[in-house]
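Scroll down for the structure; my scribbles are underneath it.
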Amino acid sequence: MKNETYIADISQHKDQVVTVSGWLYNRRSSGKVHFLLVRDGTGIIQAVVGKKDVDEETFEKCKELPQESSLKVTGLVHEDHRAPGGFELHVNKVEIVHIAQDYPITPKEHGTTFLMDHRHLWLRSSKQHAILRVRHAIIRAARDFFDKKGFTLVDAPIFTPAACEGTSTLFETDYFGSKAYLTQSGQLYMEAAAMAFGKVYCFGPTFRAEKSKTRRHLTEFWMIEPEMAYCDLDGNMDIAEEFIEYIVQRILEENKEELKRLERDTSKLEKVQRPFPRISYDEAAKMLKDAGLDFVYGDDFGAPDETYISDQFDRPVMVHRYPAEVKAFYMKPDPADSTKALCVDVLAPEGYGEIIGGGQREDDYDKLIEKIKEHDLPMEAFEWYLDVRRYGSVPHAGFGMGIERAVAWICGLKHIRETIPFPRTISRIQP
RNA sequence: UCCGGCGUAGCUCAAUUGGCAGAGCGGGUGGCUGUUAACCACUAGGUUGUAGGUUCGAGUCCUACCGCCGGAGCCA
């Protein structure tokens, strides 16, 4: 009897009587008619409750129903330009499922701290809803991209015995009496997996215990990390730019409504098409020097440097061959200049900074041992990793993309903390 | 870790030179047949982050501490 439907599908039910199950987003009243804005997770629809159309008890209850109460509304789907969304429901039945207590997030301005303290409820508001839908779509597009190209998903462990890169601070945890650490990258495991499957990727959470207090950092974030056997730096950059182009174009196609809700300037995203500019570290350093920026040759780029470089282009820019000294131990040196590493950072436009870091790995057993010693890393922890160079070593490369930074860029958000459902930062582990 | 900023009602913010702690929203009561963050009237709501100090008098000035926000470094 009941024609249950989701608000997203409401246009298919024009002039039909349907039931929508959801929550009260907002309510306006005009004495003899109530306007209930009902959301169901797929959209928002205005339900019009006229005094003549329902019994008196229902009408009175609608009048004082608090925000975010759960309810089922049944009525005629009516096209009306006065309604937000173009369609409204002329209600003849209201079933109240639960009367909410006073809802803390009112339809007025709130500060970020307050909203983050109520993150579990903030997810219900339309902007956060849009962001997390785009996040979902980005993850789906990323996985589709690698799946279609014949990559195998190989999950990396979260508990690790030692640092992957040795530099960053790790979260330490007690592992049955011995120390274990939360992973900061699945890459080393992907290198081993690439020798088994050829093309692999992992997608999971990563952890950094650095006390970073900026809009670009979380202590827990998600990274997608492809790794390819028989691949060099150029091949790696080819995949990286194709990957980013694919994701951005998919989001432009499939998430128009969300991008509109987020007031994203999509003309900037439309320009994200291959080929991306590729410049060397030396070329980038010269750009900074010519611009008169305070930059010391040989150092890694700081946040203002990255912003300047990316501002010179209308699409992501790939900066390759950084000084080996500022990069991790597993990077392969450039045969043409051993002071440089065969690595690449992809800088997003509009000042969003580094969204991808990667490169070609050192595949020579002796040179890798030397690097581990140079970086003062515990050799025994890398024995298994050295096996990858002992048994059929091949040139290989890969990269990692931070999902949250990609979401922030594509959504045009100024802060990364809204790109993940429940952010973990240096000062927040609740809710 | 360093630098800067901010802590006033449930929320967002005012409060002049140190002189009666206020508004909007939200809550409550009543009104309104097309509202668009509806509107109108009335109403309740305060240990001004904490501790100390100066002063006749401190939200305001001083000292310390706590918390949060932003930036740097580090990185995705």
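Treat the numbers as computed from the prediction; the structure is a model and nothing was measured. Here is how names work: the chains are called A, B, and so on, in the same order as the sequence lines, proteins then strands, and each is numbered from 1. Note: hydrogens, waters and symmetry copies are ignored here, and every other heavy atom, side chains too, is used.
Remark: A/H118 pairs with A/F114 by the ring-ring contact (aromatic ring centres under 6.0 Å, His included) rule, at least two apart or across chains. Legend: residues meeting ring-ring contact (aromatic ring centres under 6.0 Å, His included) with A/Y246, ordered by chain and number and at least two apart, are A/F145. For A/D337, the salt bridge (charged side-chain N to carboxylate O under 4.0 Å, His left out) criterion is met by A/K340, not counting sequence neighbours. Residues passing the salt bridge (charged side-chain N to carboxylate O under 4.0 Å, His left out) test with A/K199: none are found, sequence neighbours excluded. Partners of A/S29 under the side chain to side chain donor-acceptor pair (under 3.5 Å) rule, at least two apart in sequence or in another chain, are A/H34. Under the side chain to side chain donor-acceptor pair (under 3.5 Å) criterion, A/D117 pairs with A/R428, sequence neighbours left out.
Counting only heavy atoms from C-beta on, A/T113 has its side chain closest to B/C68 among B/A76, B/U12, B/C68.
Residues from residues 35-50 of chain A with heavy atoms under 4.0 angstrom of RNA chain B, sorted by number: A/F35, A/Q46. For the segment residues 212-219 of chain A, the set of residues with a heavy atom within less than 4.0 Å of an atom of RNA chain B comprises A/S212, A/K213, A/T214, A/R215, A/R216, A/H217, A/L218, in numerical order. The stretch residues 117-138 of chain A has no heavy atom under 4.0 angstrom from RNA chain B at all. Using a 4.0 Å cut-off on heavy atoms, the residues of residues 408-418 of chain A that approach RNA chain B are A/H415, A/I416, A/R417, listed by number.
Consecutive Watson-Crick or G-U pairs involving RNA chain B, each under 3.5 Å on both distances, make up stems of three or more pairs at B:1-7 with B:66-72, B:10-13 with B:22-25, B:27-31 with B:39-43, B:49-53 with B:61-65.
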- Query: Could you run down nucleotides 27-33 of chain B 5' to 3' and tag each one B, S or - for protein heavy-atom contact under 4.0 Å?
  - Reply: S---SBB
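For B/C69, the base has no donor-acceptor partner in the side chain of A/R428 [N/O atoms by modelled type, under 3.5 angstrom].
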